[in-house]
2 protein chains.
Amino acid sequence: MYYTVCEVAKRLNLSPHTIRFYSKEGLLDFVERDQNGNRIFKESDFERLFIIASLKRAGMSIKQIRAFTLLCDKGDSTIAQRLQIIMNQREAVEEQITELQDALDVLKYKTWLYEVALEAGTTAVHDHMPPEDMPPNIRRIKERIRRLTDDMEQCYRNAANT
Amino acid sequence: MYYTVCEVAKRLNLSPHTIRFYSKEGLLDFVERDQNGNRIFKESDFERLFIIASLKRAGMSIKQIRAFTLLCDKGDSTIAQRLQIIMNQREAVEEQITELQDALDVLKYKTWLYEVALEAGTTAVHDHMPPEDMPPNIRRIKERIRRLTDDMEQCYRNAANT
DNA sequence: ATAAACCTTAGAGTATACTCTCAAGCAAGA
DNA sequence: TCTTGCTTGAGAGTATACTCTAAGGTTTAT
């Protein structure tokens with residue numbers, strides 16, 4: 001049972017253009033061809049295709065994935081290197097998630113600000129709002145933002161004093 | 001107390017080029033200028049700068065942030081629209097985090113595969129490994145990957161039968 | 001006065017990842 | 001046979017977000 005580029009594209013939720021682009025970039029050298037040069041994807045190719053798609057989702061560039069697939073094709077002598085690449089990317093993804101969660105906190109804070117402002121009819125409602133009037137989680141986020149902006153001042157003053 | 005582009009860049013962990021680029025794109029129209037046309041950033045500008053940087057980190061494009069800042073400058077009549085934008089982006093970030101966590105699972109699975117293969121000296125160690133020999137969390141991830149690749153087959157068979 | 005160290009803008013260049021067009025080839029059905 | 005519908009590679013085009021260069025202006029120290 002073989003699959004065409006369009007079928008594979010549909011399964012991976014990518015465009016056929018993108019599959020051919022990845023192929024051109026050397027990410028799909030393991031895919032066989034028929035006598036006319038058409039790619040024939042096999043059942044057993046899907047795990048590897050899925051891994052490649054996952055590495056992409058994990059934020060690896062095509063160049064990085066290319067380097068990784070070259071190591072894969074080189075065989076057992078490169079296992080340690082491949083492990084290192086995967087572990088590095090793991091760390092990178094964990095960092096990305098942390099960063100997104102911080103950004104999410106800011107969005108939660110803004111959501112609360114706008115909900116209150118919408119109720120009041122004006123954003124001026126926040127001009128002199130005491131922290132006690134904020135929900136605890138919002139207050140925590142605002143505190144974190146304030147600390148960051150204070151750091152800015154602090155750094156500046158330090159720089160000015162030297 | 002005023003701040004220059006370079007100082008602000010340092011605080012936001014961006015390059016001065018990037019700050020000027022954002023300015024050119026209309027993200028910093030609220031920043032005042034001195035008599036020579038130099039940007040003068042004030043203490044009170046930092047929260048807004050931080051929000052813009054957060055929206056960027058949340059994955060909004062410059063165009064989207066531009067649209068948002070235009071609404072901000074328009075005043076209280078746009079609060080509901082701004083709230084909607086923030087809530088939409090919140091959802092987008094939550095999706096991004098979910099996707100990254102899925103990618104992370106795949107990386108954890110691959111880490112385990114390579115650790116075992118490194119010990120054995122060959123990736124062939126996995127060719128006939130029974131699921132019982134895998135740690136439960138790894139088995140769960142492998143199951144999820146298998147289900148996804150099986151979906152591929154399933155979809156194909158369905159398509160072939162119609 | 002003049003050089004250093006900032007600032008400014010316009011605009012060109014770069015990197016990444018597609019995204020699309022085109023011309024051509026092959027296979028199957030009317 | 002001819003049209004339809006797929007495939008192919010080459011290569012051009014697009015979008016995004018920087019990133020840098022160049023030319024010029026101001027302030028400050030020597």
Side-chain angles (χ1 to χ4, degrees), chain A residues 1-29 31-42 45 49 52-69 89 92 96 99 103 156 159-160 162, chain B residues 1-29 31-42 45 49 52-69 89 92 96 99 103 156 159-160 162:
Chain A
M1 189 51 113
Y2 297 119
Y3 302 81
T4 66
V5 167
C6 280
E7 286 158 359
V8 169
K10 223 175 276 179
R11 287 313 116 235
L12 295 179
N13 214 15
L14 297 170
S15 81
H17 284 308
T18 302
I19 301 285
R20 293 204 187 92
F21 172 68
Y22 286 176
S23 181
K24 187 157 57 176
E25 295 295 312
L27 268 46
L28 309 179
D29 288 352
V31 177
E32 291 184 29
R33 305 288 186 124
D34 66 12
Q35 70 282 2
N36 298 315
N38 293 357
R39 293 174 189 82
I40 46 176
F41 294 87
K42 289 177 299 189
D45 291 337
L49 289 168
I52 289 171
S54 296
L55 296 179
K56 193 86 242 310
R57 281 190 288 270
M60 276 175 84
S61 71
I62 286 171
K63 221 181 240 177
Q64 288 175 309
I65 299 175
R66 169 74 175 142
F68 179 78
T69 59
Q89 199 57 34
Q96 278 181 77
E99 189 166 292
Y156 183 80
T162 52
Chain B
M1 189 51 116
Y2 297 119
Y3 302 81
T4 66
V5 166
C6 281
E7 287 158 357
V8 169
K10 221 176 276 179
R11 287 313 115 234
L12 295 178
N13 214 15
L14 298 169
S15 80
H17 284 309
T18 303
I19 301 285
R20 292 202 188 92
F21 172 68
Y22 286 176
S23 179
K24 187 156 59 176
E25 295 295 312
L27 267 47
L28 308 181
D29 289 352
V31 177
E32 291 184 30
R33 304 289 186 125
D34 67 11
Q35 71 282 2
N36 298 315
N38 293 356
R39 293 175 189 83
I40 47 176
F41 294 86
K42 290 176 298 188
D45 291 337
L49 289 168
I52 289 171
S54 296
L55 295 179
K56 194 86 243 311
R57 281 189 289 268
M60 277 175 84
S61 71
I62 285 170
K63 222 183 239 177
Q64 288 175 309
I65 298 174
R66 168 74 174 141
F68 178 77
T69 59
Q89 198 56 35
Q96 279 181 76
E99 190 166 293
Y156 182 80
T162 52

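A quick note: this is a predicted structure, and the numbers were derived from the prediction, not measured. Protein chains get the first letters and strands the later ones, always in sequence-line order, with residue 1 at the start of each.
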Contact under 4.0 Å: A:Arg39 side-chain N or O vs D:dT7 OP1/OP2: no
Tell me whether the side-chain N/O atoms of B:Arg33 come closer than 4.0 Å to OP1 or OP2 in C:dT9. yes
Separation of D:dA15 atom P from B:Gln64 atom CD, nearest Å, is 15 Å
Ignoring hydrogens, what is the shortest heavy-atom contact between B:Pro16 and B:Ala9? Give both atom names and the distance. N-CB, 3.6 Å
Whole angstrom is fine here: how far is it from CZ in A:Phe21 over to C1' in D:dT8? 17 Å
Rounded to whole Å, how long is the line connecting atom CG of B:Leu55 with atom C1' of D:dA17? 16 Å
Quick one, B:Ile52 and B:Ile65 - any side-chain contact, counting heavy atoms below 4.5 Å? yes
With the threshold set at 4.0 Å, does a side-chain nitrogen-carboxylate oxygen contact exist between A:Lys42 and A:Glu32? yes
Just N and O in the side chain of A:Gln35: are any of them under 4.0 Å from OP1 or OP2 of D:dT8? no
Rounded to whole Å, please give me the gap between NZ in A:Lys24 and P in D:dA10. 7 Å
Residue closer to the 5' end of DNA chain D, A:Val5 versus B:Gly59 (nearest nucleotide): A:Val5
Whole-Å distance, B:Asn38 CG to D:dT27 C1', equals 10 Å
Think A:Thr18 has a side-chain N or O under 4.0 angstrom from the OP1 or OP2 of C:dA17? no
Can you check whether B:Lys56 has a side-chain N or O nearer than 4.0 Å to OP1 or OP2 of D:dC18? yes
Nucleotide C:dT8, atom P - distance to CD1 of B:Ile19 in whole Å: 11 Å
Closer than 4.0 Å, any side-chain N/O of B:Asn36 to the OP1 or OP2 of D:dT27? yes
B:Tyr2 side chain reached by B:Asn38 side chain, heavy atoms, under 4.5 Å: no
Rounded to whole angstroms, how far apart are OH on A:Tyr2 and P on D:dT7? 17 Å
Please report the distance, rounded to the nearest Å, between CZ in B:Arg20 and C1' in C:dG11. 15 Å
Under 4.0 Å, counting only non-hydrogen atoms across every strand here, what does B:Ser15 touch: a base, just sugar-phosphate, or nothing? nothing
Please determine if a side-chain N or O atom of B:Tyr22 lies less than 4.0 Å away from the OP1 or OP2 oxygen of D:dC18. yes
I'd like to know if the side chain of A:Arg66 reaches the main chain of A:Gly26, judged simply by a donor and an acceptor atom lying under 3.5 Å from each other, with no hydrogens or angles considered. yes
